[in-house]
Every structure is written in C-alpha cells, then in structure tokens.
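Structure first, commentary second.
Hydrogens, waters and symmetry mates play no part in the numbers below; they use all other heavy atoms, side chains included.
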Amino acid sequence: MPFEETEGFLKANEKTTVVDRPGNPVVKVDENVLPSKTACEDRHAVDIIPRGRLASLLAPYAQGTSFWDSWAKAKVSPAEPGDGSDDIVMISVFDGHCNSTATSDLLMKTLHPCIAWMIAAASSSYSFPDPTLNTGVFAQSVRDAYEAWDAASIATPFALLENKIKLPDVPGYPGFPNPGLVALADAPSRGSAGITAIVDVKGDTLHVANLGDSRAVAGWWNPEDKVWRCDILSSDQECENPAEADRVREAHPPEEADDVVFDAGYCKRLLGTGQPSRAFGNTSYKLPLEKQDRLTGVLGGNQSKPLKPVLTPPYKTAEAEVVSRHLHPASGEELKFLVVAADGLWDRTTSEEAALLLSAHLNHPHAPDIPKAILPALHPYLSPSEPRPFPAETLPGKEERAAGDWVFEDTNAATHLIRNSLGGKGWDRDVRRKVLSMREGGTRSVRDDTTVVVVWFDDDQGRLHQEMRAPLEQGCRPAGRVSPFEVAHRVVD
C-alpha cells in the first residue's frame, strides 16, 4: 500500500477537542483509533456532567420521559464553552471480546450515565465538601457502578426469557413477540475490558477504575526540581499477572488450582482460554453451565468456551480496582497529561515509554527523529518506585528498549503514540508502512485494535505548558538539558 494511503489510514479516526471550560483543568483531548480489521472491537467515550446537574438524574420522571432523557439533557459536550469549576469529566476505553462489539458498544453508550447515577445517589446521602470523604465515597460509587452495570446486563436476557420485561404491542399486531430486547442478550455473553478515568474538578481528584488489560498512565511535572514522574494508575488484570492468578486460584477449591489458571500453549489463561481475569460480561466464565445453555439455546450467541470445566463460577469478576490521586498534591507536582488506552498500545509500548513520548511531544510535537537511547536524558524522569505495577518492563533507553529512533511527526498526541508503537525495536518507516498495509486475517497476529485517548491538563495560572515550551520556542534549551534539535543534528553530522 502506498505511503500516502497508509498515512490516511493511520489518521482517519484522529480527533482533537479543545476544552474551553474555565475552572476545569482539562484543556484538550486527543483521540485516535487504529483498527486491526474492518470491524474494530474497541469503543471509547468522553463525557462531562456538572455536579449541579447530578440531582436531575434521580428526580421523578415526567410522563413519557426516562433516566436516559435526563442524562442527555444533563451532560455537556467537552467542546461546549462554559463554567467548568463544577465539572465531572469521564473518559473510558472499552476493548470488546469474542470478535464482537456487542458489549463494548453498549458500554460506550451507557456506562458513563450509570456512573453518574451512582455518584448522584451517593451525593444524596453524603456531604461532598470534605475532600477525604469525597475521595472514598466517589471511588466506591465508581466501583459499584461497574459491578451494577455487569449484573444488570447479565440479568436482562433472563428477565426477557421469564417474561419479566414487557414491551408494548406492535401497532396493528397485538400479541406479536417484540424482538427489541433480544439484541441485548448478546452483550453479556461476549464481554469487554473497560477502563474509566474521572476528573472530579470540585473534589480536586482523579479516579481511575479498571477491568482487564487496558491501562492509564499520568505524567507529573515537578517545576522546582525540573523532573518528570510517570504514574501508572492501573495494573493489568490478566493471568500472567502473578497477583491476579493467585487471587483467582484462592477464590476456588484447591482441587481446581491446576485448571483455574494454566498455559495451554500460548500464555497463562483463565480455564485455558480467557486472558483477562476481570471483565464486563463473558458469561461463559461467570454463569453455571445450565444457565449458559439456556441463553445460547433460546437466544443464540457466540462466546469463547473454556478448555476446562466450569465447576465453581464465577471465575471472572467485574470488581474494578480504583486508584485515586489529588490533582494538586502537597509535593507541588503538576499533572500535565493522562493517557488512557486499550491493550493494542501496551502490547507494543511500555507505560514509561508512553509517558516519555508525551512529555517530549509537549516540548516538540514536530522534530527530527531522536534516538531512543538519548530521549530519556532530554526529558528526565524520576526512577520508578517499587514495587512497580504489573507489568514492570525495561525502562526507556535501556537494553532492548534502546535500539532505533522515536519520531515526532504528529500534532495529535494519540496519533503520535500509535505511530511510535508500530516501528518495532528499531524505527523503520517501511516497516510501519507494511504493518499498516495489512488487512483482516493476518493483521491480528501483528497488531491489535488500538484506541488511545490523551488528556492534557493546565495549571492554576492558565500557563499551558508555558514554562516548558518557552525555551524551545526561543531557540535555546532548558538549563541542564540538550535541545532535541541539537541532538538530531549531532546524529546527522
């Protein structure tokens, strides 16, 4: 495929939204999705609801209206100007399973309103001004929303089968079996990983909830010490993670220990087939066999079948791990960016590399190629604290992560991360062109669907990265650092 065509494919889904909501520290959102085949299984969502509108989600509904009507009226678009000091910003990425978008598509449309409802319900019982209480109650509300969404989606097809859900008659055909809700039966059987980042402006808090192997990483800048810190806000919940494998084994009888998590020839998986250990849906790991058979027999459905018997379900859970951070910590660090991405990015890029690439992109989105071994010296990061979240991988510029160059060709930061993930250990534009030229069958063995959302933050004074950008714009370099342009010229010379 010609270079121009592959470039168009890489950028086809990129999007940049400037958030003009004074008081809200989020100033810009970069997004991009690179599918591995025609039917991309990934979905994502970005929504804002002001706190003052949460109560409307609990109010009695007028005749002919519903919760979903109230949600549509209460939320605002990230691009809608207005006072942002009361905003709750939600960013989610969903990675569908079983070659299906049934679950990820439903999550994209409904998880954020369900989270908002749970926060509204909590706010009716608790006082939010206390930041400590806010952090705990808010985080628990998000955790509850994840579990409630999963339970509701799994219960829906059974309620349908047992005639507990009644739809109005089709006009002119009294008694006709309305097929509308049958479409929802497929969602819980397929499944999806999911990760949600929530910026609670008034609570001055960032929360990240995770199910599965998507990931969120934040970049903090210390203006006093002139150093970055990579903050990995989630741990991959999959069976290669020793902590997750132990958790799953401990939840089942000892005689199942060898079957619950084992390697059937590719990697450690749940009952031999499921790699993520937590997810929405995936009823083949959550329901007794008789219930699974009833669903597939009456309503159909295509789901991954475990290699080992389902003896003591559930083996998967929708219990999210939630991590919270103060937006303005006592350390004086400034939150500059947050990347939320599906595993298609993390299969090829480490958390620390993504943070390094974004801090560099903040300084110079367009620049000559920079050697991977040199970039860490230009944008120094603190050594990571131990223990590191799983997976703890080789740091940027070290050992096998030192070969080749990083490239800076994109204004959109999500595209910047995806582009740099495609070149392998040593950057080669022809390799990238060939990888992007692949379609359908063979693509999945090389790259997965890749969804990336990058959220940019400002500081209290409205100095959007001014301190860091000014030296480069003036043609000089920050104290103690070498300009990337200087490095590139040295390499060329």
Side-chain angles (χ1 to χ4, degrees), residues 10-34 40 42-50 75-95 104 107-109 111-113 115-116 194-201 205-210 214-221 231 233-234 325 327 334-342 344-345 349 354-355 357-362 365 410-421 450-459 462-465 469:
L10 175 61
K11 297 183 177 183
N13 297 312
E14 72 173 11
K15 176 183 177 182
T16 294
T17 302
V18 175
V19 182
D20 182 17
R21 298 183 62 79
N24 186 335
V26 175
V27 294
K28 189 173 70 170
V29 180
D30 287 332
E31 312 166 33
N32 200 354
V33 179
L34 181 68
C40 178
D42 286 1
R43 294 290 186 270
H44 68 285
V46 180
D47 289 303
I48 295 176
I49 180 170
K75 68 175 181 175
V76 299
S77 165
E80 182 179 328
D83 178 15
S85 61
D86 200 36
D87 284 351
I88 295 173
V89 186
M90 293 182 274
I91 307 103
S92 290
V93 172
F94 308 109
D95 180 4
S104 56
L107 283 162
M108 175 187 68
K109 299 171 184 175
L111 182 64
H112 286 177
I115 291 173
I195 187 165
T196 302
I198 303 178
V199 180
D200 177 20
V201 177
T205 316
L206 168 68
H207 306 273
V208 173
N210 184 44
S214 297
R215 201 179 303 168
V217 177
W220 297 85
W221 169 249
D231 189 8
L233 297 166
S234 59
R325 297 283 189 268
L327 294 177
E334 297 174 357
L335 178 59
K336 291 298 184 182
F337 59 79
L338 170 72
V339 54
V340 184
L345 176 69
T349 305
L357 283 166
L358 288 176
S359 55
H361 187 270
L362 180 61
D410 301 286
T411 301
N412 183 291
T415 305
H416 171 62
L417 290 179
I418 295 174
R419 182 187 300 277
N420 276 286
S421 75
T450 305
T451 296
V452 179
V453 181
V454 178
V455 183
W456 295 102
F457 294 81
D458 201 359
D459 58 33
R463 296 179 289 107
L464 178 56
H465 323 307
R469 291 184 61 85

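If you take CG on L111 and OG on S92, they are separated by 5.5 Å, rounding to the nearest 0.5 Å. Annotation: the span from I418 atom CD1 to T450 atom OG1 amounts to 6.0 Å, rounded to 0.5 Å. In this structure, CG in L206 is found 9.0 Å from CD1 in I198, a value given to the nearest 0.5 Å. One finds the CZ atom of F337 at 11.0 Å from the CH2 atom of W221 (value rounded to the nearest 0.5 Å). Taking CG of D47 as the reference point, atom CE of M108 lies at 10.5 Å (rounded to 0.5 Å).
Counting only distance, with no hydrogens or angles, the side chain of R21 and the backbone of P78 share no donor-acceptor pair below 3.5 Å. Side-chain atoms of D42 do not come within 3.5 Å of backbone N or O of S104 as any donor-acceptor pair. Proximity of a side-chain donor or acceptor of H416 to a complementary backbone N or O of P365 within less than 3.5 Å is not detected.
When each of V217, V455, V29, L358 is tested with L338 by the rule side-chain contact (heavy atoms from CB on, under 4.5 Å), just one qualifies, namely V455.
Between P25 and V201, the closest side-chain pair of non-hydrogen atoms falls below 4.5 Å.
Side-chain contact check for D410 and T415: no donor-acceptor pair (N or O, by modelled atom type) lies under 3.5 Å. Neither side chain, D95 nor S214, offers a donor N or O lying under 3.5 Å from an acceptor on the other. Side-chain contact annotation: N412 with T16, donor-acceptor N/O pair under 3.5 Å present.
The minimum heavy-atom distance between A341 and V93, with the atom names listed, is C-CG1, 4.2 Å. Of all the heavy atoms in W456 and H361, the pair that sits closest is CZ2-ND1, 4.1 Å. When every heavy atom of A354 is checked against every heavy atom of L417, the shortest pair comes out as O-CD2, 3.8 Å.
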